[in-house]
A.B. asks: 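I am attaching a structure below and will ask some questions about it afterwards.
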Amino acid sequence: MQIPLYKEVREIHEQYKKDERVFVNENSHRGLYFDKFFDEYTYSGKKEGNWKIEDTAKSKWIKTVSDLGQCGNEDQLKQQLKRLLALADALGHAQTQIFETTWHFATGLGLPHPVENGLIWHPTLGVPYLPASSIKGLLKAWQRDWADESQDKIDEWFGTQEKAGKLIFFDAIPIKPVTLIPDVMTPHYGKWYEQGNEIEELNQSEKIPADWHNPVPVPFLAVKDASFLFVIMPRNAADAKEAENAMTALTEALKTIGAGAKTAVGYGYFEPDENAQNKLNDEKEALEKKRQDELLSPEEKVFLNMTREFKKHFNDGKYDTNKGGEFYKFLQMHLKQAPNWSSKTHQQQFAQCVETQLKQQTDWWKDIKKQVNALKGGS
């Protein structure tokens with residue numbers, strides 16, 4: 001969990017006195033800092049105590065936050081990834097996919113903030129993320145407006161007021177620290193956007209969209225070069241195929257219409273991150289192996305380990321004939337232990353596995369044939 005800033009308040013005040021601006025470190029909650037520690041208000045000096053924000057103050061604050069370096073603790077994000085994978089594995093049939101941004105990404109710009117544009121921050125990890133509700137809305141819009149899916153099918157996936165949908169969506173979390181950058185938008189017709197529907201006379205030139213208006217730069221904080229883990233799972237095991245289809249549709253939606261804010265100008269588009277996905281698949285395989293191993297008896301674990309060792313030892317078609325090698329010692333150790341197993345069936349399965357793999361190995365087979373035959377006979 002990212003550390004709140006409250007314990008650092010005294011230190012922050014000391015740094016203020018020295019006119020320094022390094023108030024947080026990599027373990028501090030960047031989102032809390034961005035949202036709550038804005039310090040660019042200036043006092044107008046009037047008796048009524050009017051405070052204002054200078055024109056350059058917003059950009060200055062955003063640059064202060066982005067200049068702190070990458071956002072998020074790498075170890076904590078790795079632990080979160082493992083927890084999500086473990087949860088997906090325990091629930092079963094979950095679809096997991098890592099997507100990387102193709103350019104900039106922004107989400108939560110409509111949230112209130114002194115710089116006018118906010119950002120959605122994960123409450124404990126302190127990194128930008130994409131809430132499950134946003135993912136669900138994105139995919140629903142894709143199915144309705146682009147994939148031309150029937151309303152009945154949409155209701156099956158996402159549910160109605162009367163019935164829950166077949167799919168469950170998880171928040172999309174970065175798998176590693178992300179880069180924050182200062183960005184800017186320049187709307188030309190601010191008054192038209194704000195008050196255009198109130199125009200009553202054509203002489204209201206400040207509200208009419210025209211070339212004589214000056215653009216007003218609006219700074220905001222954005223994400224660059226980030227990879228996110230997306231998870232969709234079926235509510236019931238019988239709907240596993242539906243979750244698979246949903247992830248396929250989400251892939252197309254992220255590539256075609258994007259997620260978050262400002263997608264019309266290129267923000268929020270994602271592509272599958274193949275390298276990260278391969279590592280993720282290895283993690284999932286390791287978790288599945290661990291889960292299966294925990295359900296096995298000690299004898300079954302030995303049999304499974306021996307099968308894996310045979311596969312690894314002979315996977316290139318070459319045989320190590322060295323009787324002093326580690327694998328031969330490993331084999332002999334279990335051959336000596338197997339007669340003491342309580343299950344005759346496990347003894348016979350183990351013997352059959354060894355015979356199948358080693359009968360072609362004349363040198364080894366002569367030494368272990370008697371032990372193997374004894375196990376096959378159950379004696």
A.B. asks: Can you give me the closest heavy-atom contact between Pro339 and Gln347, atom names plus distance?
C.D. replies: O-NE2, 3.2 Å

A.B. asks: Evaluate the criterion side-chain hydrogen bond (donor to acceptor under 3.5 Å, both in side chains) for residue pair Asp273 and Ser227; output intermediate values, then yes/no.
C.D. replies: CA-CA 7 Å; Asp273 187 337; Ser227 292; 2.8 Å; yes

A.B. asks: State, with a plain yes or no, whether a side-chain heavy atom of Phe230 is found less than 4.5 Å away from one of Ile98.
C.D. replies: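 No, every pair of side-chain atoms sits at 4.5 Å or beyond.
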
A.B. asks: Is it true that Glu74 and Lys176 have a side-chain N and a carboxylate O under 4.0 angstrom from each other?
C.D. replies: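 Salt bridge: no.
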
A.B. asks: Counting the benzene-type ring for Trp, do Trp103 and Tyr269 have ring centres under 6.0 Å apart?
C.D. replies: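 For Trp103 and Tyr269, the ring centres are not under 6.0 Å apart.
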
A.B. asks: List the atom of Ala259, the atom of Leu130, and the distance in Å for their closest heavy-atom pair.
C.D. replies: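 That would be CB-CD2, 3.7 Å.
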
A.B. asks: Taking all non-hydrogen atoms of both residues into account, name the closest pair between Leu139 and Ala246 and its distance.
C.D. replies: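 Smallest heavy-atom distance, with atoms named: CD2-O, 3.9 Å.
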
A.B. asks: Under 4.5 Å between any side-chain heavy atoms of Phe220 and Lys262, yes or no?
C.D. replies: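 In contact.
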
A.B. asks: Do you see a donor-acceptor pair shorter than 3.5 Å between the side chains of Lys284 and Thr96?
C.D. replies: yes

A.B. asks: Would you confirm whether the ring centroid of Tyr33 sits within less than 6.0 angstrom of the ring centroid of Trp61?
C.D. replies: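 That pair passes the under 6.0 Å test.
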
A.B. asks: Please report the shortest heavy-atom distance between Pro219 and Lys58, naming the atom on each side.
C.D. replies: CG-CB, 3.7 Å

A.B. asks: Atom CD of Glu149 and atom CH2 of Trp157: how far apart are they, to the nearest 0.5 Å?
C.D. replies: 6.5 Å

A.B. asks: Given Phe228, which of Phe105, Tyr129, Phe99, Phe170 fulfils the ring-ring contact (aromatic ring centres under 6.0 Å, His included) condition?
C.D. replies: Phe105

A.B. asks: How long is the gap from CD on Gln143 to CD on Gln151, to the nearest 0.5 Å?
C.D. replies: 11.0 Å

A.B. asks: Strictly below 4.0 Å, N to O, side chains only: are Glu355 and Lys376 in salt-bridge contact?
C.D. replies: yes

